Amino acid sequence: MADIQALKERFISLYGADSAFPLRVFHAPGRVNLIGEHTDYNGGYVFPAALTFGTTMLVRERSDGQVGLASTNFPLRKQISISSVAFDTEDGWTNYPKGIIRELQLRGVSVPGCDILYSGAIPNGSGLSSSASIEVVTAFALLTLAGQTPDKIEVALLSQKAENEFMGVQCGIMDQFAVAMGKKEHAILLMCDTLEYKHVPFRSGEYRLVIGNTNKQRGLVDSKYNERRAQCEQAVSDLRAKFPELRLLGQLTRDQFNGAKHAIADDTVRRRAQHVVEEIDRVLQSMKVLEQGDLAAFGQLMNGSHDSLRDLYEVTGVELDTMVDAARRVPGVLGSRMTGAGFGGCTVSLVHRDAVERFIDEVGRVYRAKTGLTADFYVCDIGDGVQELTTA
Ligand code: GLA
């Protein structure tokens, strides 16, 4: 957790101490997805968990209809008028809060003018949902300032809409949902079509979740992501020859898909769809084995997920594959996979607690030797979703 006192001092040095309004502090975590990748926008299951680190937001109302935006992570600062909020590429990170303000206004919320300071502990572009974290904390805080008691699922949905429409990234609901609805020591089984969900205690016993950051700069990720989405839509459209009512790939069982997949004309599109259908099945199998406490079987499913993302969905790349291969060679590792959208970003591995040190050392060394890049590792605990922090 960030040092709130230091952030308050920073806030005052940026915006001044003199105000009739209280300074309030909110927090939203990052997330790691344990299994169920590229299934959310196909109406399938995902199994993410909120992290204990994320984005802290200090906010204080002001009465002149202006919004001050500053971050401890970026030099860029902006002051905008609440009545003219528009996307501008030059405005960099500030487009995220602007997108949320715009979305709230479209929903009839009267967003007050305010000064904001963010402090993010999630490395940007790491695939741990730094964007969803800033969106969700902003939506939750501004709704609270507007006098509402925010519904966290609504917060997730409106944040996703802002990302889709204001930022132009066609992401699914997983990240915003996990960041809003996370629960300490629990992962979330979420059915992305209906938003039915269940908090599942993540009992990892003697094993720890270790995130490995490839630190690979992700280029063109948004366009490749949108391309995968379009390929899934193409698969649905072809499969309607067999299932006229089909809306989403997630509606098909493995058997139904296998019986109908020849209806998909393009070989690449067929492989994309196969990943989605099998990955959803892997999430359901994970629930069974985790209920039985069979972590080794869960590790195997994690491995299967990565291999499918590498071979069928083709969203891994040399950095993620190198890191995962190195991880699986370390004794005490039950499973290792990429997490998030892919094309760089992070891996998540299930590592025996006595092997964590060796894991970080060996994976880091092999990864550097093969890619020339230095990895970062975080041994992670599962934290809570968005909330207002009460600090004296
Ligand atoms: C990104 C998106 C999510 C999800 C994952 C892949 O994190 O924001 O909606 O599609 O990729 O599972």
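Hydrogens, waters and symmetry mates play no part in the numbers below; they use all other heavy atoms, side chains included. Everything quoted here is computed from the prediction, not taken from an experiment.
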Neighbour count >12 (heavy atoms, 6.0 Å) for atom NZ, Lys370: no
Check: Cys346 main-chain N/O paired with Thr339 side-chain donor or acceptor under 3.5 Å: no
Donor on one side chain, acceptor on other, Ser305 and Arg337, under 3.5 Å: yes
Residue pair Gln160 / Gln176, side-chain donor-acceptor N/O under 3.5 Å: no
Residues Asp294 and Lys288 bridged, charged N to O under 4.0 Å: no
N/O donor-acceptor pair under 3.5 Å between Arg229 side chain and Gln170 backbone: yes
same_hphob_cluster(Val315, Val269) at 4.5 Å side-chain heavy-atom cutoff: yes
Donor + acceptor pair across side chains of Asp381, Thr52 (<3.5 Å): no
Distance-only polar pair, side chains of Arg102 and Gln105, donor-acceptor under 3.5 Å: yes
Donor-acceptor side-chain pairing of Thr138 and Tyr118 below 3.5 angstrom: yes
Step-by-step side-chain contact (heavy atoms from CB on, under 4.5 Å) determination, Leu34 to Val32: CA-CA 6 Å; Leu34 302 180; Val32 58; 4.2 Å; yes
Greater than 12 external heavy atoms within 6.0 Å of Glu357's CD: no
Arg107, CZ: over 12 other non-hydrogen atoms inside 6.0 angstrom: yes
Whether Phe377 and Phe359 hold their rings parallel, tilted or perpendicular, with breakpoints at 30° and 60°: perpendicular
Asn215 side chain to Asp376 side chain, donor-acceptor N/O pair below 3.5 angstrom: yes
Charged N-O contact under 4.0 Å between Asp384 and Lys183: no
Rounded distance (nearest 0.5 Å) linking atom CG of Asp193 with atom CZ of Arg247: 4.5 Å
From CG (Asn258) to CG (Leu252), nearest 0.5 Å: 10.0 Å
More than 12 heavy atoms from other groups under 6.0 Å of CZ on Arg240: yes
Intermediate values then yes/no, side-chain contact (heavy atoms from CB on, under 4.5 Å), Phe140 and Thr144: CA-CA 6 Å; Phe140 187 88; Thr144 308; 4.1 Å; yes
Distance-only polar pair, side chains of Arg328 and Ser336, donor-acceptor under 3.5 Å: no
Asp311 and His275 side chains, donor-acceptor separation under 3.5 Å: no
Side-chain donor or acceptor of Asp40 paired with backbone N/O of Met174 under 3.5 Å: yes
CA sep, side-chain torsions, deciding dist, call: Phe177, Ile188, side-chain contact (heavy atoms from CB on, under 4.5 Å): CA-CA 9 Å; Phe177 196 97; Ile188 308 172; 4.1 Å; yes
Electrostatic pair Arg310-Asp307, nearest N-O below 4.0 angstrom: yes
Aromatic ring pairing Tyr41/Tyr225, orientation class (parallel under 30°, perpendicular over 60°, tilted between): perpendicular
Leu76 backbone acceptor or donor facing Trp93 side chain under 3.5 Å: yes
Stepwise side-chain contact (heavy atoms from CB on, under 4.5 Å) test for Glu163 and Ser131: CA-CA 9 Å; Glu163 174 112 18; Ser131 341; 3.8 Å; yes
Gap between atom OG of Ser129 and atom CD of Glu135 - 0.5 Å precision: 9.0 Å
Distance (rounded to the nearest 0.5 Å) between Ser130 OG and Arg31 CZ: 9.5 Å
Parallel, tilted or perpendicular: rings of His199 and Tyr197 (30°, 60°): perpendicular
Single hit among Glu278, Glu314, Glu279 for salt bridge (charged side-chain N to carboxylate O under 4.0 Å, His left out) with Arg272: Glu314
Atom pair CD (Gln234) and OG1 (Thr268), whose distance is rounded to the nearest 0.5 Å: 11.5 Å
